[in-house]
Amino acid sequence: MTYDLFLAWRSLRSRPVQSGITLLIIGLAVALPLVVLSLSDGARRGIVRASDPFGVLVIGAKGSGQQLVLSTLLLQGAPVGNIPTTLYTELRDDTRATLAVPIALGDNVGGARLVGTSADLLELRPSTTEPPTFRIVQGRFFEAAFEAVLGSAAAQALGLTVGDTFLASHGVAPGLEEDVHDEPYTIVGVFDSTSSPYDTAVFVSLESIWHTHEHEEDERLSAFDYAIEPTEPEQMITAVLVKPAGFIEANLLWQSFSTGTQAQAAFPGQELGALFDLFAQVERILGAVGGLVLVIAGLTAFLSLYNAIAAREGTIALMRALGCSRTSIFRVVILESLIATIAGIILGQLLGYVTALVIAALLTAQSAIPIPVQFLPTQATLLWLTPLLLGVAAAIIPAVRAYRVEIIQKLFPT
Amino acid sequence: MLRFDSVFLAYSARGIESRIVLNIPSWNLARGTHALLRGVSGSGKTSFFNIAAGLLRPTSGEVYLDDQPLYRLSEAARDRVRSAKVGYMFQMHHLMPGFTALENVLMPMMFLQTIPTARRRARALDLLGAVGLSDFAQHRPHQLSAGQRLRVSAARALANEPVMVLADEPTAALDALSSALVLDMLQSVCRMNYASLIVASHDPLLAARFSVVYDLRDGHLSESEIAPA
Ligand SMILES: Nc1ncnc2c1ncn2[C@@H]1O[C@H](COP(=O)(O)OP(=O)(O)OP(=O)(O)O)[C@@H](O)[C@H]1O
Ligand SMILES: [Mg+2]
């Protein structure tokens, strides 16, 4: 009936505080799982996308394979350790590998990581049919020591461009060590965006990095004639990105490293898969919390409505005396709950997406991994249906109580 | 048009000895009659109205409204009959809280839906105007005086053009002028619709307005010995 909606709406408006609380708690109950689901989905996609442009096997120091992949491909956290450069030269000449790209981490400029590498970097591509991952948009690739190429995000963040110079400092992040190297780098080129954390890096030749550190070694030795703390051995690199010739070769390479003691080989897909399993576990826990919040939201809706009906029995009796049918009274109560629930769901979905976008932006700013927050149709539908059902369920007992109101008892109480 | 047949009412409550409130073997009110119902407090006037309106099932007996046996109908059917035919001004002039005077008058029309939507508002405003409340249509019950609330409830009782109007002490809270205004309106609308009107009141001055006066005493209903002027 047409007036049912009108009466339900007026009744909700007549108790703004309770209706507001119901709406808010339903909103939160919807927003919470939405934030968790869309962020974990976004993080998963983001990490896959960020590690995708390489399509390689990562060779690095023994230790956690996950840390090796995260520190080398996603530039997260400190590198596992160093490996001798000879390992790189061996891999470069290995027939099982079609491409070997050295990566040397350890210095930064204004927070942007310095990546020592070779021109083979330009040969990396997600798959053989796709264009190379790293493309110069301005200037050229470095050709000599102390020439540098900026990632797209690094160029923006540092405010530098081709022709500018900078000094690098020791450590993968600023402030870790006060040590500023004194050879200036000259910027000779800028890369296009790759949608990966490598956009925030500055690329230089391996020789530049080694030269800097040799030079320092000399200075330190001359400044202090007593034994200094063991310094990192020179001519070391952090990792090698290897493109295996095929699946069999990939497996052979992986096996030879897993039996050796010198270094390890890690498949990014496998290591990230293990990470995603962890995600799934967190998701399950937060999912249970979300379910609990939904149940609490349902109970809140029920209590608010039940109290309202109990307090309104006189008014309900009057409506009945004025010609409103029992079934209409029942419908009004159900509708009342539905309106609050629908408003709560809309609020929750908006709140959820906005919160997820904000958190994703913060995480991206922190990790340089783009986290795409997407509309998830299945989850969104589920987060519509579940609260709607709860809303109706919460209204049934109050609606029955309203339905049962006897005019004579409530309108003329004795 | 309103006929009581062997109506007997005794409230029974736990711990209280049941008392006979009404005992009306046979009583009939012709259509168009304007009747005054007198009786001391507690004599059963409100109980009588509730039974006549189909709200209170008597302990035994039947009430016929336009030859329809009210208490043999289903509750829903009885509700519809009341909604369509009876206008009831409650003794406690319950208005719907949170709804304006206008909405209160519109409400019975909204529930019954016999009067076309387009005509309802104008009709409600006319009724409010007739009780001198044109300027108070948008006021909510708590913004109205007791007498104004009572007049809104008079307008509301007439909303669906009832064939029978029951007014339980409609003038108790009113001064002479407002009291006359409300009674004039009730009577003229009832005359226009050829509707029956029963007014319960203690006011001895009112008798002159009515063609018939009933006294309710010890559960018995009798036509007054004192003929109206
Ligand atoms: N729900 C009830 N349960 C028990 N007794 C009731 C109930 N309602 C009314 N009574 C009793 O029935 C008798 C008649 O009550 P009723 O309200 O009909 O009187 P009334 O004539 O309208 O009185 P007043 O002029 O004070 O309004 C009273 O004695 C009252 O105590
Ligand atoms: Mg009474």
Side-chain angles (χ1 to χ4, degrees), chain A residues 1-20 304-305 307-336 339-340 399-414, chain B residues 9 11 13-14 16 42 46-47 49-51 53-58 74-100 103-115 117 120 140-142 153 156-157 159-160 162 166 168:
Chain A
M1 287 281 196
T2 45
Y3 56 79
D4 292 348
L5 206 63
F6 164 74
L7 290 174
W9 170 242
R10 291 297 288 269
S11 159
L12 271 174
R13 264 188 37 191
S14 72
R15 46 191 182 102
V17 176
Q18 294 96 314
S19 305
S304 155
L305 204 54
N307 287 334
I309 296 302
R312 241 168 44 198
E313 286 189 323
T315 313
I316 291 170
L318 178 58
M319 277 164 66
R320 295 262 295 105
L322 294 177
C324 189
S325 68
R326 277 190 200 273
T327 49
S328 190
I329 296 280
F330 185 89
R331 275 200 304 271
V332 168
V333 179
I334 300 281
L335 270 176
E336 212 177 309
I339 295 173
V400 167
R401 175 165 185 170
Y403 178 91
R404 285 207 184 134
V405 165
E406 294 296 341
I407 305 177
I408 199 71
Q409 284 169 10
K410 300 301 172 187
L411 202 53
F412 307 93
T414 43
Chain B
L9 177 72
Y11 286 109
R14 252 175 305 153
I16 306 171
T46 300
S47 302
F49 277 160
N50 286 344
I51 290 174
L55 286 173
L56 176 64
R57 182 184 289 278
S74 71
E75 187 193 42
R78 189 161 57 246
D79 284 348
R80 274 195 299 277
V81 169
R82 177 177 58 255
S83 178
K85 296 190 170 178
V86 182
Y88 190 173
M89 263 183 87
F90 308 110
Q91 184 170 13
M92 305 290 178
H93 34 88
H94 308 278
L95 294 187
M96 287 286 291
F99 290 85
T100 63
E103 286 167 336
N104 264 281
V105 179
L106 281 168
M107 207 156 285
M109 301 190 236
M110 183 174 91
F111 291 136
L112 185 66
Q113 307 218 301
T114 51
I115 296 167
T117 319
R120 291 180 198 163
R140 287 164 201 275
H142 65 93
S153 107
R156 188 180 63 188
N160 278 331
L166 309 172
D168 197 353

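Residue numbers start from 1 in every chain, and the chains themselves are labelled A, B, ... in the order their sequence lines are given, proteins ahead of strands. Values in this document were obtained by computation on a predicted structure and should not be read as measured data.
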Pick one of side chain, backbone, both or neither for Phe99(B), based on which atoms fall under 4.5 Å of a heavy atom in chain A.
->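 Both parts, backbone and side chain.
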
Can you tell which part of Arg156(B) gets under 4.5 Å to a heavy atom of chain A, answering side chain, backbone, both or neither?
->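 Only the side chain of Arg156(B) comes within 4.5 Å of chain A.
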
Which of the residues Gly323(A), Ser11(A), Gly314(A), Ala321(A) is involved in the greatest number of heavy-atom pairs with chain B at under 4.5 angstrom?
->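 Heavy-atom pairs under 4.5 Å are most numerous for Gly323(A).
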
Top residue by heavy-atom pair count (under 4.5 Å) with chain B, among Ile407(A), Leu7(A), Leu411(A)?
->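 Answer, by heavy-atom pair count under 4.5 Å with chain B: Leu411(A).
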
Salt bridge (Lys or Arg N to Asp or Glu O under 4.0 Å) involving Glu406(A) - partner list, sequence neighbours excluded =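 Partners of Glu406(A) by the salt bridge (Lys or Arg N to Asp or Glu O under 4.0 Å) criterion, ordered by chain and then number, come out as Arg326(A).
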
Let me know if Thr315(A) has heavy atoms under 4.5 Å from chain B in its side chain, its backbone, both or neither.
->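 Contact with chain B involves both backbone and side-chain atoms of Thr315(A).
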
Which heavy atom in [X] sits nearest to a heavy atom in [Y], and how many Å separate them?
{"X": "Leu55(B)", "Y": "Ile408(A)", "answer": "O-CB, 3.8 Å"}
{"X": "Arg10(A)", "Y": "Arg140(B)", "answer": "NH2-NH1, 3.3 Å"}
{"X": "Glu103(B)", "Y": "Phe6(A)", "answer": "OE2-CZ, 4.1 Å"}
{"X": "Phe111(B)", "Y": "Met319(A)", "answer": "CE1-O, 3.8 Å"}

Could you have a look at Asn50(B), Asn160(B), Leu95(B) and say which one has the most heavy-atom pairs with chain A under 4.5 angstrom?
->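 Option with the top pair count is Asn50(B).
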
In terms of heavy-atom pairs under 4.5 Å with chain A, which of Arg82(B), Gln91(B), Glu75(B) leads?
->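 So the answer, after comparing Arg82(B), Gln91(B), Glu75(B), is Glu75(B).
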
Could you walk me through whether Met110(B) and Leu322(A) pass side-chain contact (heavy atoms from CB on, under 4.5 Å), step by step?
-> CA-CA 10 Å; Met110(B) 183 174 91; Leu322(A) 294 177; over 6 Å; no

Would you give the length of the straight line joining atom OG of Ser153(B) to atom CG of Leu318(A), rounded to the nearest 0.5 angstrom?
->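 Here the interatomic distance stands at 10.0 Å.
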
What distance separates Tyr3(A) OH from Gln113(B) CD, expressed to the nearest 0.5 Å?
->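 Going from OH on Tyr3(A) over to CD on Gln113(B), the span is 6.0 Å.
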
For Ala402(A), side chain to side chain contact (heavy atoms under 4.5 Å, CB included) partners two or more places apart |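 Applying side chain to side chain contact (heavy atoms under 4.5 Å, CB included) to Ala402(A) gives Ile309(A), Ile316(A), Ile329(A), Val333(A).
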
